[in-house]
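First up is the structure itself, then whatever we jot down about it.
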Amino acid sequence: MIITGDASLSHGPLRSLTDATLALRLANRVDAVSLGVPGALMTADTPGRGVLLPLGLEVQVVSAEPYAECARTRWAGQGVEIARIRALPDYVSASDLPIPVPGVIHLGRGGEDGRCVDWDLSTLGHVVLIAGSPHSGRSTVAATIAATLAAPGGGAGVAAAAPCVILADRLSPSFGVVPRAIHLRPDDPESVAALIEYKREHPNLIVVIDGADRIDGQACEPVVRELIDVADRDHALVLVTTTSASLSGRFRGLDVELTRRRPAAILLWPTADRGAAEVLRAREIHGIPAIPGRGVLITPGQTIEIQLAASTARSDGVVAAAQSPINALNPTATPISGLPEVNAV
């Protein structure tokens with residue numbers, strides 16, 4: 001393992017993990033002393049000139065250019081594969097992900113190699129908890145997953161000819177990309193009755209609960225709980241969004257209960273609320289940037305950094321909701337059309 005950085009590495013936890021240190025071009029005497037460089041070996045500005053510690057040997061690093069092809073040939077002949085850590089993009093379009101596969105939801109790109117990261121319905125279940133801070137992209141992620149699965153040939157084994165019901169007090173413009181979507185209000189008894197009817201007609205219904213931290217005590221709560229309980233049995237899909245502050249600041253509630261009952265979750269901006277990261281048992285979240293759609297997929301024993309895909313167009317760094325017509329299948333449903341472009345919610 002090779003770790004590169006400035007002189008601050010000498011004060012951090014990574015120093016204890018290394019067997020040797022190569023100090024290059026240390027013009028600052030304080031940095032040299034902190035690294036343990038002997039005073040007589042203060043390095044000059046010559047490129048590649050340094051001190052190998054703890055041996056205290058002055059060295060000149062060889063240029064790799066003449067030997068690069070030879071090294072690649074030798075490693076390839078020995079069957080050694082070079083592991084490369086790739087920086088994640090700050091935006092991933094859903095259209096750039098692989099073709100949908102039954103039983104799998106393509107979430108985005110992540111890991112050390114920037115591969116496509118999936119949600120396997122057979123192992124992680126048919127209920128997806130998406131938490132994050134305001135403006136982190138919670139609703140955009142839920143809308144992208146719903147739009148992908150509700151579209152013809154969306155795959156994942158759900159949504160076959162079933163509509164998508166969005167249960168929310170205030171409808172995010174991000175859901176404008178979802179075909180055949182229906183907006184129902186959690187505090188409206190007629191909307192709750194319509195939700196029950198949709199479930200009876202379409203057992204594999206896609207349901208998005210956008211803002212689960214606000215439905216406690218609402219008319220829809222008993223129905224939502226039952227939808228979650230039967231989601232795996234019916235091969236349906238329930239997407240639940242909530243705020244990270246709700247998970248870290250409460251002991252009860254539908255969203256908090258899901259953290260105990262379900263094996264996996266998606267957490268956006270994990271460093272913004274470390275309390276939520278602890279509740280979800282996220283590990284190794286240091287340094288993850290707070291940009292829209294960046295988060296972690298938390299599964300038993302593993303935390304993967306991921307840039308979640310968006311079914312939206314980006315302009316000047318802003319994730320904007322695309323426009324899509326909707327089939328208003330019920331008079332209590334609010335059509336999702338004519339929505340303005342806004343930042344990711």
Side-chain angles (χ1 to χ4, degrees), residues 100-105 107 118-131 138 141-143 145-151 154-169 175 178-242 246-247 252-266 280 297-300 329-330 332-333:
V101 178
V104 172
I105 300 173
L107 296 177
D118 301 326
W119 181 287
D120 190 329
L121 295 171
S122 63
T123 58
L124 302 182
H126 289 246
V127 179
V128 183
L129 177 63
I130 305 167
R138 302 185 311 269
V141 171
I145 295 174
T148 301
L149 300 183
V158 301
C164 175
V165 172
I166 302 163
L167 200 63
D169 289 323
F175 292 103
V178 183
R180 298 184 300 119
I182 303 155
H183 176 214
L184 301 178
R185 303 183 185 281
D187 58 347
D188 178 18
E190 292 186 7
S191 291
V192 176
L195 175 59
I196 295 173
E197 189 61 31
Y198 284 126
K199 178 62 177 178
R200 287 174 179 169
E201 294 179 4
H202 306 278
N204 59 344
L205 184 69
I206 299 174
V207 178
V208 180
I209 301 150
D210 194 28
D213 51 313
R214 298 189 298 271
I215 71 166
D216 292 336
Q218 301 273 26
C220 69
E221 183 181 357
V223 178
V224 168
R225 290 181 177 276
E226 185 172 355
L227 290 174
I228 291 173
D229 290 340
V230 302
D232 294 332
R233 181 200 70 186
D234 294 342
H235 297 283
L237 184 67
V238 181
L239 303 169
V240 182
T241 74
T242 188
S246 173
L247 297 182
R252 296 181 180 179
L254 175 66
D255 50 348
V256 178
E257 293 173 16
L258 285 178
T259 65
R260 307 185 190 108
R261 296 171 52 191
R262 289 284 165 172
I266 296 170
L280 292 170
L297 171 63
I298 306 163
T299 60
L329 303 181
N330 187 284
T332 63

Is E257 salt-bridged to R225, going by a charged N under 4.0 Å from an acidic O? yes

Using modelled atom types and a 3.5 Å cut-off, is there a donor and acceptor pairing between side-chain atoms of D188 and backbone atoms of E190? yes

Whether over 12 other heavy atoms sit under 6.0 Å from R260 CZ: yes

Closest heavy-atom pair and its distance - T148, P100: CG2-CG, 4.5 Å

Under the criterion side chain to side chain contact (heavy atoms under 4.5 Å, CB included), I'd like the reasoning laid out for T123 against T299: C-alpha separation, chi angles, the key distance, then a yes or no. CA-CA 10 Å; T123 58; T299 60; over 6 Å; no

Looking at every heavy atom in both R261 and I228, which two are closest together, and how far apart are they? NH2-CG2, 4.4 Å

Passes side chain to side chain contact (heavy atoms under 4.5 Å, CB included), E221 versus D216? Steps please. CA-CA 6 Å; E221 183 181 357; D216 292 336; 4.0 Å; yes

Considering residues, nucleotides and ligands other than E226, do more than 12 of their heavy atoms fall under 6.0 Å from its CD? no

Distance col, row L227:CG vs I209:CD1, nearest 0.5 angstrom, shows 6.5 Å

For a quick test of reading the model, state the closest non-hydrogen atom pair linking A146 to V208 and the distance between them. CB-CG2, 4.2 Å

For K199 and D234, run salt bridge (charged side-chain N to carboxylate O under 4.0 Å, His left out): C-alpha distance rounded to whole Å, both residues' side-chain angles, the deciding distance at 0.1 Å, then the answer. CA-CA 10 Å; K199 178 62 177 178; D234 294 342; 3.1 Å; yes

Atom pair CG (L239) and CG (D210), whose distance is rounded to the nearest 0.5 Å: 10.0 Å

Between T242 and D255, do the side chains contain a donor N or O and an acceptor N or O under 3.5 Å apart? yes

What is the minimum heavy-atom distance between A236 and P203, and which atoms define it? CB-O, 3.5 Å

Nearest non-hydrogen partners of R185 and L167, listed with the distance: C-CD1, 4.1 Å

State whether D169 and R214 are salt-bridged, where the test is any N-O pair (Lys NZ or Arg NE/NH1/NH2 against Asp/Glu carboxylate O) under 4.0 Å. yes

I'd like to know if the side chain of D232 reaches the main chain of H126, judged simply by a donor and an acceptor atom lying under 3.5 Å from each other, with no hydrogens or angles considered. yes

Could you tell me whether the side chain of T259 and the main chain of L280 form a donor-acceptor pair under 3.5 Å? no

Taking side chain as C-beta onward, heavy atoms only, is L107 less than 4.5 Å from D118? no

Under the side chain to side chain contact (heavy atoms under 4.5 Å, CB included) criterion, do V128 and V238 qualify, and how do the steps go? CA-CA 6 Å; V128 183; V238 181; over 6 Å; no

Quick one: are I105 and L121 in side-chain contact, heavy atoms under 4.5 Å? yes

Spell out, as yes or no, whether a donor-acceptor pair under 3.5 Å connects the side chain of W119 to the backbone of I266. no

Give, for atom SG of C164 and atom CG of L237, the distance between the pair rounded to the nearest 0.5 Å. 8.5 Å

Starting from the C-alpha separation in whole Å, work towards a yes-or-no answer on side chain to side chain contact (heavy atoms under 4.5 Å, CB included) for Y198 and V207. CA-CA 10 Å; Y198 284 126; V207 178; over 6 Å; no

Which atom of A264 lies closest to which atom of L124, heavy atoms considered: CB-CD2, 3.8 Å

Sub-4.5 Å side-chain heavy-atom contact between C220 and I215: yes

Rounding to 0.5 Å, atoms OG (S122) and NE2 (H235) come to a distance of 10.5 Å

Heavy atoms, side chains only, cut-off 4.5 Å: are I206 and V165 in contact? no

